[in-house]
Amino acid sequence: MSQINNGKIEYGLHISTFEGLEKTTRMKVAYVKAMENSPFINFELLFNSNESFFYIKDGLGLDDQGYLYAKLFSGYEGVIFQNEEFSYSEIKGEIGNFLIKKNKKKDWTLENETKEINGFVCFKATAVKTVINSAGVFHFPVIAWYCPQIPLSYGPNGYGGLPGLILELQVRNILFGVKKIDLKPNKNILVPQRKEFKVVSEKEYEDILLKK
Amino acid sequence: MANDCVQKNEINDLKIENIVIDDPCKDEQDAAVNECLSNGCSEKEAFYFGAVAWGNCMKELSIRA
């Protein structure tokens, strides 16, 4: 099969429990609602050879709050633009409009495992997501299945940096799984333009948010 | 009513009292934030989780009132 450089991928969301959830009170309740509503959340990744655009598709869940929790726990904050080196998350809110700029993840371990996803041979890569907050330092496993037949370093929710498009991504207990692949090898997919918001790092954005 | 009117060239020294109202849902918000943080949420995630908990608490109070 020839290499593909343009297309559209639809991802579904699956939220499962995590170790220790049963010991919580408020999070346990929120997670039940999030898990019920996650099947109703879909995302789309538009991509061409230069850039990609990841966004949530309009939809309704079983209830507004559960839908909100599912979005929150998925880690999705807003549309994400990616190029070869960076990802930019667009945040529009009461405290202002920002583009959170992050380096593409590079500390992947390429594993020997393969599996077929929607007819594409995908390879496994693993990494660690580190969260540092006021309660401590946490490390969560990240598993990505990327497809070298689509030799672009993009993926869902700002993840990328692999020698192929990520078709499936699991971050701790959050799974982005491919639902539909629409490839256009002879057509250039136009990706929306990034807005000219103030560019900040993730840490800078958190400082602004928490000061509010 | 006529007694309340300010006479010409008089200044009524009206003091505005600052009434401090307790936030009845602050504890609930803080508890939600702390629970989220201690389970590995980012500061942002915990902030929003706490905000939702605050909103739910206020809604609950307004229903009870």
Side-chain angles (χ1 to χ4, degrees), chain A residues 17-31 33-34 63-78 89 91 93-95 98 100 128-141 171-174 200 202-212, chain B:
Chain A
T17 59
F18 60 82
E19 197 184 320
L21 181 67
E22 66 283 356
K23 293 181 191 149
T24 65
T25 50
R26 294 158 186 83
M27 283 195 85
K28 198 162 57 177
V29 171
Y31 253 83
K33 293 182 185 174
D63 64 280
D64 288 346
Q65 183 131 114
Y67 194 85
L68 177 71
Y69 279 134
K71 244 174 68 170
L72 176 64
F73 296 137
S74 76
Y76 179 81
E77 296 168 311
S89 299
I91 307 286
E94 283 178 11
I95 58 168
F98 300 92
I100 302 178
V128 174
K129 177 184 171 179
T130 299
V131 172
I132 302 171
N133 66 30
S134 51
V137 182
F138 302 84
H139 302 289
F140 303 123
V171 182
R172 194 186 183 187
N173 59 315
I174 307 298
V200 294
E202 193 157 24
K203 179 75 176 65
E204 284 167 341
Y205 178 71
E206 273 187 5
D207 290 344
I208 295 166
L209 185 69
L210 297 174
K211 268 184 202 148
K212 172 83 183 154
Chain B
M1 187 73 169
N3 290 338
D4 291 339
C5 291
V6 176
Q7 297 293 321
K8 201 176 172 184
N9 294 327
E10 271 184 17
I11 299 172
N12 259 349
D13 188 9
L14 300 170
K15 282 186 181 157
I16 298 169
E17 285 179 34
N18 286 324
I19 301 167
V20 175
I21 300 170
D22 275 334
D23 182 346
C25 292
K26 184 78 170 69
D27 288 348
E28 175 63 22
Q29 181 179 16
D30 290 346
V33 166
N34 290 331
E35 187 174 85
C36 205
L37 289 172
S38 59
N39 281 280
C41 293
S42 67
E43 297 281 355
K44 266 183 287 175
E45 210 178 351
F47 174 86
Y48 289 120
F49 187 64
V52 175
W54 183 89
N56 288 342
C57 171
M58 292 298 276
K59 193 174 163 186
E60 183 72 24
L61 288 178
S62 69
I63 290 168
R64 282 195 216 150

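Just so it is clear: chains get the letters A, B, ... in the order the sequence lines come, proteins before strands, and each one is counted from 1. On a predicted model such as this, the values are computed, not experimentally measured, just so you know.
- Considering every non-hydrogen atom in both A/V131 and B/G40, the closest pair reads CG1-O, 3.5 Å.
- Interface remark: A/F73 contributes backbone and side-chain atoms alike to the contact with chain B (heavy atom separation under 4.5 Å).
- Judged purely by atom type and a 3.5 angstrom limit, B/E43 has no side-chain atom pairing as donor or acceptor with the backbone of A/L210.
- A salt bridge links B/K26 to B/D30: one of the charged nitrogens lies within less than 4.0 Å of a carboxylate oxygen.
- Minimum interatomic distance between A/I95 and A/I208 (heavy atoms only, all atoms of both residues): CD1-CG2, 3.9 Å.
- Interface summary for chain B: among A/I132, A/T25, A/L21, the most heavy-atom pairs under 4.5 angstrom belong to A/T25.
- Sorted by first then second residue, the salt bridge (charged side-chain N to carboxylate O under 4.0 Å, His left out) pairs that include residues 44-58 of chain B, not counting sequence neighbours, are A/E77-B/K44, A/E202-B/K44.
- No other option in A/A135, A/G136, A/G75 has as many heavy-atom pairs under 4.5 Å with chain B as A/A135.
- Ranked by heavy-atom pairs under 4.5 Å with chain B, the first of A/L72, A/V137, A/L68, A/N133 is A/N133.
- Using a 4.5 Å cut-off between heavy atoms, B/N56 touches chain A through its side chain atoms alone.
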